[in-house]
Amino acid sequence: MGQNLLDVNDSTFESEILNADKPALVDFWAPWCGPCKAIAPVFEELQGLYGDKILFARCNVDQSPNTPTKYGIRAIPTLILFKDGKVFDQLVGAVPKSQIEEFAKKAL
Amino acid sequence: MSDDLFDVAIIGCGPAGLQAAIHACGKKAKVVVFGKSERSSLYKAHVANFCCFEEVVPGRVLLESGKFQAEKLGAVFVPQDVVDTKNENEQFTLVSENNETFLAKTLVLALGVSRKKLKVKGEKEFLGRGVSYCVDCDAGFYRDAQVVIVGNESAAVTGALTLLGFASKVFLVCKELSVSDALHQKLEKSGVTVMEGTWVKEILGDAGVDKVALTNGQDLSASGIFIELGAKGAMELAANLGVAFDAETFSFIETNKKQETNIPGLYAAGDITGQPWQIAKAVGEGCVAGLEAAQRAKRLQT
């Protein structure tokens with residue numbers, strides 16, 4: 001907790017996520033999305049727990065429309081786990097915390 | 001009415017909302033209650049475990065007498081769903097399905113829990129690949145696309161109107177519409193294609209949704225389907241106010257013993273705060289929320 005989440009956008013996505021030196025978990029969200037707001041604290045909490053092994057980042061789909069299109073995102077929140085520059089797994093919706101944690105742990 | 005400032009606004013007219021209204025009125029607060037009695041989960045229930053009612057009582061009877069009681073004490077009832085909420089400068093703005101605006105110093109969320117899943121083939125498989133439960137979140141992903149929205153109530157109709165601003169064609173699939181006359185007229189004048197008297201049978205596609213099969217045998221070609229059953233729930237109305245949900249399931253609003261949420265002036269009571277889903281719990285929490293909200297409104301006055 002406390003540590004700010006990395007904000008990524010269309011122009012930084014490749015360098016910061018695809019070329020990251022560790023697995024990256026990206027939360028695709030938007031400011032008007034209620035369920036996105038609901039899971040945000042959990043995402044930050046998980047960063048506190050696993051932030052040394054996984055890169056936690058978020059991408060505002062309103063400001064960066066190209067990246068969500070590229071990954072076929074049609075609902076938010078969507079979490080995508082990237083490993084070695086490729087999509088490893090994807091999780092859609094405001095699902096329970098335990099499920100988000102299980103999902104994040106797939107990166108380990 | 002729209003320009004009046006209420007002390008306490010209550011969303012939901014089940015046992016929690018009614019009890020909140022009764023106790024807030026008892027504190028001389030100016031109270032407005034939103035919602036439709038027949039949508040309360042109590043409406044069709046038969047109550048046999050509520051203290052002091054030894055005989056089985058139809059839930060509908062309890063709801064009607066509770067409403068009558070609150071009205072006698074001065075509560076104003078607006079038999080409409082709330083479709084939007086805002087919280088600015090210690091004041092809550094609520095928009096009803098007739099597009100009327102109401103202002104209140106405090107807000108009690110007593111809107112219960114409802115079923116959001118359609119339970120048809122393809123729903124789970126295509127989640128996030130054409131199936132969505134939130135028009136406000138996901139409409140932007142369907143620019144110039146054909147979409148289906150399914151539901152009989154205000155969430156589906158307001159959602160269909162929102163989608164018109166993005167999609168090339170919007171089909172509203174409903175068994176029988178149950179919305180206010182004003183919202184119904186707005187829908188009729190809009191470009192939404194209403195398919196009434198049918199329902200979704202199956203969602204079909206390959207990589208994503210391609211079409212939606214209806215129970216009347218028709219197939220609608222669409223790349224997205226929005227499932228918006230009932231009225232807008234807590235996730236849609238309250239999350240935008242910044243309300244904290246329980247982190248385990250994101251289904252319930254977290255409150256303290258005063259029924260306060262993490263947002264000042266915002267209270268929650270009844271099923272929406274978690275189990276047990278019982279009248280006894282709902283009225284208990286409603287009582288506390290109504291008293292606390294009324295007291296806060298009075299404090300803000302001085």
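Order of the sequence lines sets the chain letters (A, B, ...), proteins ahead of strands, with each chain counted from 1. Computed from heavy atoms alone, side chains included, the values below leave out hydrogens, waters and symmetry copies.
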message = In the structure I gave you, are the side-chain heavy atoms of C137(B) and C36(A) within less than 4.5 Å of one another anywhere?
response = no
When the 4.5 angstrom heavy-atom criterion is applied to Y133(B) and chain A, the contacting part is neither
Between the NZ atom in K97(A) and the OG1 atom in T249(B), the distance rounded to the nearest 0.5 Å is 12.0 Å
Item to complete: Return yes when atom NZ of K36(B) has more than 12 non-hydrogen atoms of other residues, nucleotides or ligands closer than 6.0 Å, and no otherwise.
Response: yes
Residues A94(A) and M235(B): closest non-hydrogen pair is CB-CE, 4.2 Å
- Task: Give a yes or no on this: more than 12 heavy atoms of other residues, nucleotides or ligands lie within 6.0 Å of atom NZ of K201(B).
- Result: no
Filtered by a 4.5 Å non-hydrogen cutoff, the part of residues 101-108 of chain A contacting chain B is none
Nearest heavy-atom contact between P31(A) and N240(B) is O-OD1, 4.2 Å
The interface call for P68(A) against chain B, heavy-atom contacts under 4.5 Å, is side chain
Value for CD (E248(B)) from CD (Q99(A)), rounded to nearest 0.5 Å, stands at 11.5 Å
When rounded to the nearest 0.5 Å, the distance separating CG of L127(B) from OG1 of T78(A) is 8.0 Å
Between F250(B) and V95(A) the two heavy atoms that sit nearest each other are CE1-O, 2.8 Å
Under 4.5 Å to a heavy atom of chain A? For V209(B) that would be backbone
Counting heavy-atom pairs under 4.5 Å with chain B, the top scorer among A38(A), A40(A), A30(A) is A38(A)
request  = Report, as yes or no, whether the 6.0 Å neighbourhood of atom CD on E14(A) holds more than 12 heavy atoms from other residues, nucleotides or ligands.
outcome  = no
So, the part of S223(B) with a heavy atom under 4.5 Å from chain A: the answer is both
Item to check | Heavy atoms of other groups near D84(A) CG, more than 12 under 6.0 Å | outcome: no
Whatever's closer than 4.5 Å to a heavy atom in chain B on I100(A) counts as side chain
### Message
Within the supplied structure, the quantity of interest is the number of heavy atoms (other residues, nucleotides, ligands) at a distance under 6.0 Å from K22(A) NZ; does it exceed 12?
### Response
yes
Honestly, the part of E236(B) sitting under 4.5 Å from a heavy atom of chain A is neither
Sub-4.5 Å side-chain heavy-atom contact between F141(B) and T69(A): no
Item to complete: Answer yes or no: is there a side-chain heavy-atom contact under 4.5 Å between R74(A) and D138(B)?
Response: no
